[in-house]
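Because only heavy atoms are used, hydrogens play no part in the values below, and waters and symmetry mates are left out as well, while side chains stay in. Computed from a predicted model, the values in this text were never measured in an experiment.
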Amino acid sequence: MTESKSFDGLDLHIMNEGRLLQVYSIVKEGEYTLGRSETCTFRINNPSLSRSHIALNFSSGQISVRDSSTYGSEIGGKSLTSGLQYKIEKNTYIDLSEGAITLFLDVEKYVHGTQSDNRTSNYSSGVEQAITEVNDVIAELRSKRELLIGRLSDADIVLSSLQVSRRHAMLRLEGESISIEDLDTTNGTFVNGQLISGKVSIKPSDQITIGAVSFVLEAGIVNQQYAIVAKNIEKVYPKGFVGLQKMTIKVPKNEFVALMGPSGCGKSTLLKCLNGANPATAGEIYILGLQLNNENFQKLKRNIGYVPQDDIVHRELSVEKTLYFAAKLRISGDVTDAEIDEKITSVLKSLNLDPATIRGTKVADLSGGQRKRISIAVELLNDPAILFLDEPTSPLDPETIEDFLHCIRGLVRQGQTVIMVTHKPSDLDYVDKVIFLSKGGYHTYFGDKDGVLTYFERSDIIKIYSLMKDDAVGKEWSARLNEGRQAVTDTQTPVPLNSQKNSSRFSQFYWLSMRYLHIKWNDLWNLILLIAQPFIIALLLIFIFKHLQFSVLFMMSISSVWFGVSNASKEIVSELPIYERERMFNLSITNYIFSKVVILSLIAFIQVLIFVSIIHFNFSLSDADVGLWRFWSHVGFMLCLSISATLLGLLLSAIFRSSEKVMTVVPIALIPQIMLAGIIAKMDTELKVFLSYLTLGRWGTEGFAFLQDSGAKSTGHWVDEENTIPAGVMEFSPRLLAIDGHGDPLPTPEIEVTLQPQSAVDQLNFYIDGKHLWDAMPTNIYTVYAAIMLLGVISFVGIYLSLKNKDSRFV
């Protein structure tokens, strides 16, 4: 016989898709009804509910529920039989009408006459402990009139996550009005899912979200039953291809869910729809009770961890530097290095990695399983509530898989919700639930892992895979899954999610640049090859040309373009998975581009300085008549040309999705720089001249010619000072020999070809009778600089648009 217990009351939380609508305190025993009818104790005007949907009974310290609805109720995914009483003995979520409304009975808080700790669990990756009793907070607010919320240990409400600033928000009581003010924080303060600016008035029933904690002043921490609710979602690609058929899925919190199915069934597509990386084209998705849309994405993206199939870490960095720079780019701007160090240690331990031995290890030297865990560590720095993993075990060996999945299982025990795409049957030993898809994008199963074989009436998972390879069969099983379910209506059409930036632009640019500098510095052999290029090319020029001829200026121009393009052509395409993940989080495209340009320009400066120094030193000493005049002018001009070429290289890297394609296109981009420079062939038609205007090789060659002639004039080196012809280069000059050495006429005239100082500009093939073919184009060094910078700007715009197009949220 069950002992009767005293009933001291409880709180009834009423939620819609995890969003708190109302909290009722029930203090007396009796029966309480809930439904659409005005005669119900708790009336909720929702068309999905029956007029009298469910009854809650409190008698002799016992709590029970009775369903009497048309569309049913569920507890823990199990349907309640209409008319039967179901005893409630612990905190319980009750779904009404497929979760249209969810009830949360906070039983443990009041039953037995004791108060339980209502704190959010504190797991190793840093979910906050805070706000134990909201009634105390309200009482303290009435006493102090102001309450500071933040990471400081002496704040009135302490939230430990690094998402939270040290002084994050201020609650104020002014008369009887309550307000909350965001204190200019990195990650923001949200009221009812909306980012606030400055001070706003709130009601005790409003939901406040700071970091990973959501709470209501009159009700405490908002308890969420589901991490994800997807209603009637569908994915249709251009030209009508259906990637996902309409489906509804609800993923409970703190579960390890495997997303399975044959190749091409839409597993990765569904994963990206659920996390916002590639939005569904129909339906609604709720993350932790907030709809995944533009208004809420800035808050939700910090609760989403996503590790794609490819690693999202730079192989050139050490583990410590990888996590340090990720922390600087993602978490609150006022976090100290000591706090970051502590966080890195905590995250590595949570993934069963020894911080002391692995922190200094280069990512490239890690095993596949360790690299995958470091990718996850990057995501855990921000304390996400949900972790999405896309086939993390595919490249791993069986022993490594076991260790890896034990780690993920540990994260789930610590409070994480994990959704993992996998095709390996053995992975089921570690998960809680399974989502199965079939060919054609049909949703055919969602439930406990132990029930999947029974449901499909098969003896092993491999046979289920074989069954799901048929679209028609998948459609039948999908229909069976949806039998008896209420159709979901009035769902909205999603729109692409904008990457709203909420971090300091300068700070992000600085840390992106510092990270990129460390990447280039740590890639020692590649850096040596880059620095060796100017030595090799310059020494070859000295070996081939004994005097400073116009061909040397031409090769200086082409070398400038080569330095820039070759330095940059792989720099974006080689880290696309990292770019796309960071872009989804908070990456600014302009900051990203400028960080590349600044560091690559630094490398180009070193290359140019070495190159010009060798050329200048050799030709200035070897030929008294013609040298490389104006050393620093040539360095500056060559650097300008290389920077513009760097942007061209980055453009090629941004357009394509594989390094192989980029390297195939690089020669196609470089050959016109040579052919249209006016040296190989004369630009004798307007079309040729117009095309040459689009090449850096042409402007570089012309610019060096102007610089040489200008330098010759300023230093007093002339071919003919009277006719103001500067000695820019040494060129072959033919002379007819009419007499022999004794003054006697030669029987056959001969031509002597000698090297003579000449004007460099006169050697260009862009002019007819000393004028440009296009008279509208001025002929001076400033025009050349303007043209080079214009081509750089065009490349920059092209990079921006290409990266914007690559943005995975707009795919």
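Annotation: cation-pi pair Arg330/Phe585 present, NZ/CZ under 6.0 Å from the ring centroid and within 45° of its normal. Remark: Lys328 is not positioned above the aromatic ring of Phe325, lacking an NZ or CZ atom under 6.0 angstrom from the ring centre and at most 45 degrees off the axis. Cation-pi contact between Lys596 and Tyr516: present, with separation from the ring centre below 6.0 Å and deviation from the ring axis of at most 45°.
The backbone N or O of Pro577 sits nowhere less than 3.5 Å from a side-chain atom of Asp310 that would complete a donor-acceptor pair. Asn275 places a side-chain N or O within donor-acceptor distance of the main-chain N or O of Ala277, the cut-off being under 3.5 Å. Checked by atom type and distance alone, the side chain of Gln673 pairs as donor or acceptor with a backbone atom of Gly697 at under 3.5 Å.
Side-chain contact annotation: Thr189 with His168, donor-acceptor N/O pair under 3.5 Å present.
Outside the 6.0 Å centre-distance limit, the rings of Phe506 and Trp511 are not counted as a close aromatic pair. The distance between the ring centers of Trp699 and Tyr785 does not fall below 6.0 angstrom. Ring to ring, Tyr800 and Tyr592 are not that close: their centroids are 6.0 angstrom or more apart.
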Can you give each donor-acceptor pair under 3.5 Å made by side-chain atoms of residues 521-534, sequence neighbours left out, with the distance rounded to 0.1 Å?
{"unit_1": "Asn522", "atom_1": "ND2", "unit_2": "Glu316", "atom_2": "O", "d": "3.3"}
{"unit_1": "Asn522", "atom_1": "ND2", "unit_2": "His518", "atom_2": "O", "d": "3.4"}
{"unit_1": "Gln533", "atom_1": "OE1", "unit_2": "Trp562", "atom_2": "NE1", "d": "3.3"}

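The 12-atom threshold is not exceeded at CG of Asp184, counting heavy atoms of other residues, nucleotides or ligands nearer than 6.0 Å.
Taking CD of Gln508 as the reference point, atom CG of Leu329 lies at 6.0 Å (rounded to 0.5 Å). With rounding to the nearest 0.5 angstrom, the CD1 atom of Ile210 is 6.0 Å from the CG atom of Leu159. For the atom pair CE of Met584 and NZ of Lys301, the computed distance is 10.0 Å after rounding to the nearest 0.5 Å. Note: Leu323 CG to Ile374 CD1 = 5.5 Å, rounded to the nearest 0.5 Å. A distance of 8.5 Å separates CD in Glu342 from OG1 in Thr336, rounded to the nearest 0.5 Å. To the nearest 0.5 Å, atoms CD1 (Ile344) and NZ (Lys321) are separated by 9.5 Å.
The shortest heavy-atom contact between Met789 and Cys640 is CG-SG, 4.4 Å.
A salt bridge is defined here as a Lys NZ or Arg NE, NH1 or NH2 lying under 4.0 Å from an Asp or Glu carboxylate O, and Asp311 with Arg581 fails to meet this definition.
Remark: Arg167 pairs with Leu148, Leu152, Met170, Leu183 by the side-chain contact (heavy atoms from CB on, under 4.5 Å) rule, at least two apart or across chains.
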Checking side chain to side chain contact (heavy atoms under 4.5 Å, CB included) for the pair Phe637/Ile788: CA distance, chi angles, key distance, verdict? CA-CA 10 Å; Phe637 179 75; Ile788 291 172; 3.6 Å; yes
List the steps and the verdict of side chain to side chain contact (heavy atoms under 4.5 Å, CB included) for Arg166 and Val335. CA-CA 8 Å; Arg166 300 171 72 82; Val335 174; over 6 Å; no
